[in-house]
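Notes for the one structure printed next.
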Amino acid sequence: MTKTIAQIRNEAAASLSPERQQQWEQFLTPMPVAQQAVGLFTPTDKPVRILDLGSGSGILSAVTANRSAQGSSVVAIEQDADLAQASESSLRQACDDVEVINTSIFDVLLDARFDRVILNPPYKKISPTVIATSGGGVKVTNLYTAFMVTAIQALDEGGECVAIIPRSWMNGDYFKDFRKWMLDECSLDALAVYGSRQEHFKDMNILQEIMLVKVSKRPQVKKVTVYADATPARPLEQQPHESVILKALLMGRDRIVRIQRQDPRLSEFKTMAEQGLWVSTGKLVWFRNRDVLSNVEEPDGHPLYWSDNQNGMMTVHPVECDREQWVTGEADTRNVVLPAGSYCLVNRFSSKEQRHRIYASYLRSDVGFVADNKLNYVHQGTSRQTVPLDDKAARGLTLWLSSSIVDEWYRQVSGSTQVNATDLRQMPCPSKGQLAALSDRLPIDNDVSQGHIDAVIGGLFSWAQAS
Ligand SMILES: C[S@@+](CC[C@H](N)C(=O)[O-])C[C@H]1O[C@@H](n2cnc3c(N)ncnc32)[C@H](O)[C@@H]1O
């Protein structure tokens, strides 16, 4: 009896060698996710030329071929010989014209002749590499974006590409070249972000937040279809979605892509960067500066702040913890000491379990101080020069960054638990004057409840009434 495409996938998944699975990132797509991905392609009666990059068991191209007209063809590229065999078996069930190439996708010269390109690529970080394109080249720092560039370049005019990839390309600095290139090169047609990390790829132990993205080789479509909280449990078309013009999803020069239109209550505000607030990352990398860390305060030393010093909306120093609370005077020679004054500190890392992604704390230091590299700090200077904030603005900013609406905004921008400076700079923010007024309404105090913070912010800007 011939095996089904799903059986071939399950058997291939069960017989993966653990070492090779890790090395080549063999996380095979389960059937419900494969069907959702393929379902994003526009139905057509005409035969199509299908390409599958890193085809694994061949599930993605086999399901695509199954749903395509007679006369369609498939090229599948897979570097693992066993999986290439599995691809061959799956594809033979779905299509008469099949070519499985058992090599790396980077060793194959692909013409721009495909109508349907589908992929669930490996996700690994790589050292920055420039992939040649018609416009010169695009810098990639990750295997999945390298696969995406290859996939998009293989599209014929009008061709469509559906990929199962992490959400990380949508924000942050690392992916900005790729984002700009992709958005210039093709139309962004659909995004479906899987809400829970556990639900899909159940047998594959995938920890990243994963999404489906559909792009096509044609001018940008009027509206992008966005499923902001998709599940593989039901067909996508039965799930809540929005049709949004691309412009409403893009932010700033770096073209950060949001998964939802911005809350209209935030639209009246400029970004933090436009308000003259700059987000920098703490300058002390402790393991490169072990020799200046100190458990005691020395006359020419400086206080050292870690995320351990963040206590609710306040920053406390010194605290009892296993990290040194001071640096010696030698730190003055290392370009890590920040000028005395008022700031707002923001964590760079959070955990999934924490209630907020963003943790902001007000800092007032009467002496020059040092911030650990795992903290961001907000000031009113530039990337080269740190200038402390007006004290009231620092307090108001801490309240603003502690509000629920801001946390919600951040979650729509980033799927990761990291809070990076590039994204924060694009955050809508009241002016310094408004922030100062906010600090008059509500003193920073750790006994203040979340509801109280939200109510004060809502009242100040008349949101509660407007919504
Ligand atoms: C995440 S798995 C997905 C497999 C399959 N597309 C699926 O959806 O089930 C990525 C696949 O790409 C293959 N792979 C990794 N690097 C590759 C490369 N440079 N060229 C071709 N295949 C590669 C791996 O062996 C693995 O089968």
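Every number for a ligand or one of its atoms is a count from 1 in the order of the listing. Predicted, not measured: the structure shown is a model, and the values here were computed from it. Just the heavy atoms: all of them, side chains too, but no hydrogens, waters or symmetry mates, feed the values below.
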Among all protein heavy atoms, pick out the one at the shortest distance from [atom]; state its residue, atom name and that distance to 0.1 Å.
atom: atom 23 (C) of ligand 1; answer: Q79 CG, 3.6 Å
atom: atom 19 (N) of ligand 1; answer: S104 OG, 3.1 Å
atom: atom 24 (C) of ligand 1; answer: W24 O, 3.4 Å
atom: atom 3 (C) of ligand 1; answer: N120 O, 3.1 Å

Proximal candidate to [atom] [heavy atom criterion; set [options]]:
atom: atom 2 (S) of ligand 1; options: E25, R20, Q23, R9; result: E25
atom: atom 7 (C) of ligand 1; options: D52, T29, I164; result: T29
atom: atom 25 (O) of ligand 1; options: E78, K124, Q21; result: E78

At a 4.0 Å threshold, what atoms of ligand 1 neighbour a non-hydrogen atom of [X]?
X: G56; value: 4 (C), 5 (C), 27 (O)
X: L60; value: 6 (N), 8 (O)
X: I59; value: 9 (O)
X: L83; value: 27 (O)
X: L28; value: 4 (C), 9 (O)
X: S55; value: 5 (C), 6 (N)

Quick one: does [X] get an N or O within less than 3.5 Å of an N or O on ligand 1?
X: Q26; value: yes
X: G54; value: yes
X: I105; value: yes

Checklist entry - Between Q36 and Y194, does any side-chain donor sit less than 3.5 Å from a side-chain acceptor? => result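 Yes.
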Next on the checklist: Test side chain to side chain donor-acceptor pair (under 3.5 Å) on S55 and S87; report intermediate values, then the result.
Outcome noted: CA-CA 7 Å; S55 58; S87 285; 2.8 Å; yes
With a 4.0 Å cut-off on heavy atoms, is [X] in contact with ligand 1?
X: T103; answer: yes
X: Y123; answer: no
X: P121; answer: yes

Next on the checklist: What I'd like to find out is whether the side chain of I101 reaches to under 4.5 Å of the side chain of V75, using heavy atoms alone.
Outcome noted: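 Result yes, sub-4.5 Å side-chain heavy-atom pair found.
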Nearest 0.5 angstrom please: [X] [atom1] to [Y] [atom2], how far?
X: R253; Y: T422; atom1: CZ; atom2: OG1; value: 11.5 Å
X: I165; Y: I210; atom1: CD1; atom2: CD1; value: 10.0 Å
X: R218; Y: L155; atom1: CZ; atom2: CG; value: 10.5 Å

Item to check | P428 backbone acceptor or donor facing Q275 side chain under 3.5 Å | outcome: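 No; judged by distance alone, with no hydrogens or angles, the pair does not exist.
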Next on the checklist: Could you check whether any side-chain N or O of D454 sits under 3.5 Å from a backbone N or O of S404, counting only pairs where one atom can act as donor and the other as acceptor?
Outcome noted: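 Answer holds: yes.
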Salt-bridge contact [X]-[Y] (side-chain N to carboxylate O under 4.0 Å):
X: E324; Y: R290; result: no
X: R348; Y: D372; result: no
X: R49; Y: D115; result: yes

Checklist entry - So which bit of F147 gets within less than 4.0 Å of ligand 1, heavy atoms only: side chain, backbone, both or neither? => result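 It is the side chain that touches ligand 1; the backbone stays farther off.
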Checklist entry - Pick from V419, V346, D407: which one makes a side-chain contact (heavy atoms from CB on, under 4.5 Å) with L401? => result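 For L401, the side-chain contact (heavy atoms from CB on, under 4.5 Å) check succeeds only for V346.
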